[in-house]
Amino acid sequence: MVYKFEINANGPYNYEHSLAFLGRSDKEALFQVNAGKIFRPYACDGVNAMLAISGMKNGVNVEVSSDIISGESLEKISAFVTEWLDLDRDILAFYNMAAGDKILAPLVDKYQGARITCIPDFFETFCWAIAGQSISLHVVYIIKQLLVERFGEEAQILGKRYRMFPTPEKISSLDTEVLQSVKLTRNKAVCIKRVAEMVAAGEISKQMFDGVDTKAAVKELVKIKGIGGWTANYVMLRGLRRNDAFPLGDSGLVNALRIQLGLDRKPTEKEILDFAAGWNGWESYATFYLWRSLL
DNA sequence: ATCCAGGCTCCTG
DNA sequence: CAGGAGCATGGA
């Protein structure tokens, strides 16, 4: 059966920007972009379905194909898509701030309606961020593919088999040597295993950071060996959907700024903080729009 | 070949 | 405390 519903974004939204970001790699393991539609196998709490997402004015259409599905499950799927594409965030305040900023003004004009592509799964966010330290995006996609293929659980959807992102329980059960075999450095393998243990044991969770400001949350996360300022802020940005996460030193951020400002060298961290002085509270979206400028 | 990728730890002076 | 090597891998 196919169930259809719409999700309206909270404020400006242009689906084309979601497509551009989601379709940036042909190595993506968890979903597919094809002819303007996003196809994603979904398996959660015993509900298996294929999602087909397409754009509409200021929102998306979602088609859910599944053998059986409850209204409650459809609501969960709606919440999942909303979180993934960041459809519920009120971004008008960001636009108001950006309009007066010499770096951001042209970007919000050019990429009107672009929203951060978030990562709804808390553990997956960590894996992506940790794996992505100091290597090119291309290689992170390869690592993600290996993680999913080798350690992800299978889900049966409409007669076909798909693999989901590995659970923290599964990853925590692996020897670090095994984890290293998916092109992770030893430190990254140890760190991912540790985070897997912590998530599986409930020592860290999204809910735990409810009401905790971003700087304090970052301070907690960097206590974990292998997680530094960049990784913690990245998790805050894409996983916990904070407005004010700022992955300083991020190579994409640095390069985008260099290009936007026409510099013949990379801006220093001090200079970046200076540029960002007026972004107060919207560093996440500022960073994402700069990333968007590199696609 | 050499350098750099959406970094972090550890060691040195 | 700043500075630099080492880590894994693939692309330019």
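Quick caveat: nothing in here was measured; it's all calculated off a predicted structure. In what follows, chains carry the letters A, B, and so on, assigned in the order in which the sequence lines appear, proteins first and then strands, with residues in each chain numbered from 1.
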Lys/Arg-Asp/Glu bridge criterion (N-O < 4.0 Å) met for A/Arg241, A/Asp88: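 The answer is yes: the pair qualifies as a salt bridge.
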B/S/- contact track for nucleotides 6-12 of chain C, protein heavy atom under 4.0 Å: -SBBSS-
Proximity of [X] and [Y] rings by center, below 6.0 Å:
X        : Y        : value
A/Trp282 : A/Phe246 : no
A/Trp279 : A/Phe288 : no
A/Tyr42  : A/Phe80  : yes

Could you state the [atom1]-[atom2] distance from [X] to [N], rounded to the nearest angstrom?
X        : N     : atom1 : atom2 : answer
A/Arg194 : B/dT9 : CZ    : P     : 14 Å
A/Leu294 : B/dA5 : CG    : P     : 11 Å
A/Tyr234 : B/dC8 : OH    : C1'   : 17 Å
A/Trp291 : B/dA5 : CH2   : P     : 15 Å
A/Ile130 : B/dT9 : CD1   : P     : 10 Å
A/Trp128 : B/dG7 : CH2   : P     : 12 Å
A/Phe126 : B/dC8 : CZ    : C1'   : 15 Å
A/Leu253 : B/dG7 : CG    : P     : 11 Å

Salt bridge (Lys or Arg N to Asp or Glu O under 4.0 Å), paired with A/Glu83, selected from A/Arg238, A/Lys76, A/Lys206: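 Answer to the salt bridge (Lys or Arg N to Asp or Glu O under 4.0 Å) test with A/Glu83 among A/Arg238, A/Lys76, A/Lys206: A/Lys206.
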Sugar-phosphate only, base, or nothing, as touched by A/Ile227 at under 4.0 Å among non-hydrogen atoms: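 Counting heavy atoms under 4.0 Å across all strands, the contact made by A/Ile227 is with sugar-phosphate only.
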Sugar-phosphate, base or nothing in reach of A/Thr287, heavy atoms under 4.0 Å: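 Counting heavy atoms under 4.0 Å across all strands, no contact is made by A/Thr287.
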Taking atom [atom1] in both [N] and [M], compute the distance separating them and give it to the nearest angstrom.
N     : M      : atom1 : answer
B/dA5 : C/dA2  : P     : 23 Å
C/dA8 : B/dC10 : P     : 14 Å
C/dG4 : B/dC3  : P     : 14 Å

Verdict with reasoning, A/Ser172 to A/Arg194, per side chain to side chain donor-acceptor pair (under 3.5 Å): CA-CA 7 Å; A/Ser172 66; A/Arg194 178 67 194 130; over 6 Å; no
Without placing hydrogens or testing angles, list every side-chain donor-acceptor pair under 3.5 Å for residues 152-165 of chain A, not counting sequence neighbours.
{"from": "A/Glu154", "atom 1": "OE1", "to": "A/Arg161", "atom 2": "NH1", "distance (Å)": "2.6"}
{"from": "A/Arg163", "atom 1": "NE", "to": "A/Glu149", "atom 2": "O", "distance (Å)": "3.2"}
{"from": "A/Arg163", "atom 1": "NH1", "to": "A/Gly152", "atom 2": "O", "distance (Å)": "2.7"}

Comparing A/Asp250 and A/Lys225 on DNA chain B - which has the more 5′ nearest nucleotide: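 Nearest nucleotide further toward 5': that of A/Asp250.
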